Protein chains: 2
Amino acid sequence: MKCSANSRSAPASSVAVEDYLERILELIDSKGYARVVDIAAGLKISQASVTNMVQRLDTDGLLKYEKYRGLVLTPAGETVARSITRRHQLLTDFLSLLGLDARVVEHDVEGMEHHISPPTVRAIESLTRLLRRRPALRAQLTK
Amino acid sequence: MKCSANSRSAPASSVAVEDYLERILELIDSKGYARVVDIAAGLKISQASVTNMVQRLDTDGLLKYEKYRGLVLTPAGETVARSITRRHQLLTDFLSLLGLDARVVEHDVEGMEHHISPPTVRAIESLTRLLRRRPALRAQLTK
DNA sequence: AATAAAAGTTAGCTGAGCCTAACTTGATTA
DNA sequence: TAATCAAGTTAGGCTCAGCTAACTTTTATT
């Protein structure tokens, strides 16, 4: 067969989907629930766009959504959300260790986090540990 | 004023625009010219899509395009193209030094290259030099 | 020079993901 | 409890960047 592994699944979570799930997980972890209005504010998009996407994420089995009532992540959705969150945290740690400005870090991480595959995540984790373990290395980075 | 620096410019080169310019530069550097059919093959999209985009890039001042005749990059286009090419090369070198498989490197670089800003480029260059200079460090990365 | 093949273009369509405006639902409070 | 206001939803529209099918132009072959 042409398609990989699971025959009836969502179309390999796009950048937008990952951004939504990441934000939703963060809201749930911090406030206990995720409202449309907060997701919209967090992603700096309109509430209408959020409603739309949330309906699609429900259809795709990434969350359970009840009109006007609220939403919860499904295990599948939480897996994606945790994965992107981990990549976000890792890249933030890594770039920060290189001495980059927090604003640059945030901006670049937001772009990069959607594009690193598991082996690369592991390799950067390894490198990050090394840089932490041996602060002297960091001193050699200037210029 | 609200918009930055130059009032009448292209909309801050999207991922797609960067992909086109990168491919065009590579074709010009290797064969001396860039044909629609080769750009299409390189990016794995239809010739029609290339024609469309090339017209837009002309409008945006990133290349000079003459129907049926061919195209050349403008200085502005070449600047963008060289910048993305540099980022591509740098990320490829960097991830390869971490011991990642060539296919993974290629895939991830293609995603990441559009999202690293100049300070991050410089920081990763610095780190890459360090890893090259001290091969023993690389040995400590496994696990 | 005629014709066949390759390259390039146009027209029209699609889907993702955003928007605004107008409407509905639910929560708050007078 | 009724009115108000915040939150949520729907409808319709836009841009970007891709597609196919049909057509035109250029190049190559005979």
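Letters A, B, ... are given to chains in the order of the sequence lines, protein chains preceding strands, and every chain is numbered from 1. Values in this document were obtained by computation on a predicted structure and should not be read as measured data.
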(request) Please report, rounded to the nearest Å, how far the P atom of dG8(C) is from the CG atom of Asp58(B). (result) 16 Å
Listing time: all N or O pairs from protein to nucleotides 17-26 of chain C that are below 3.5 Å?
residue: dG17(C); atom: OP1; partner: Ser14(A); partner atom: OG; Å: 2.7
residue: dG17(C); atom: OP2; partner: Arg56(A); partner atom: NH1; Å: 2.0
residue: dG17(C); atom: OP2; partner: Arg56(A); partner atom: NH2; Å: 3.2
residue: dC18(C); atom: OP2; partner: Tyr20(A); partner atom: OH; Å: 3.3
residue: dC19(C); atom: OP2; partner: Ser46(A); partner atom: N; Å: 2.7
residue: dC19(C); atom: OP2; partner: Ser46(A); partner atom: OG; Å: 2.9
residue: dC19(C); atom: OP2; partner: Ser49(A); partner atom: OG; Å: 2.8

(message) I'd like to know if Arg56(B) and Asp60(B) make a salt bridge, using a cut-off of under 4.0 Å between side-chain N and carboxylate O.
(response) yes
(request) Round to the nearest Å and state the distance from Ile39(A) atom CD1 to dA6(D) atom P. (result) 20 Å
(message) Without decimals, in angstroms, what is the distance between Leu71(B) CG and dA7(C) P?
(response) 15 Å
(request) Mind calculating the distance between CD (Glu66(B)) and P (dT9(C)) to the nearest angstrom? (result) 11 Å
(request) Find the distance between CD (Glu106(A)) and CG (Leu95(A)) and round it off to the nearest 0.5 Å. (result) 12.0 Å
(message) With side chain to side chain donor-acceptor pair (under 3.5 Å) as the rule and sequence neighbours excluded, what pairs involving residues 66-81 of chain B come up?
(response) Glu78(B)-Arg82(B)
(message) Please tell me if Gln55(A) has a side-chain N or O lying less than 4.0 Å from either OP1 or OP2 of dT10(D).
(response) yes
(message) Does this structure show an ion pair linking Glu22(A) with Arg86(A), if we count only N-O contacts that are shorter than 4.0 Å?
(response) no
(message) Checking side-chain polar atoms at under 3.5 Å, does Ser83(B) have a donor or acceptor matched by the opposite partner on Arg87(B)?
(response) yes
(message) Strictly below 4.0 Å, N to O, side chains only: are Arg23(B) and Glu18(B) in salt-bridge contact?
(response) no
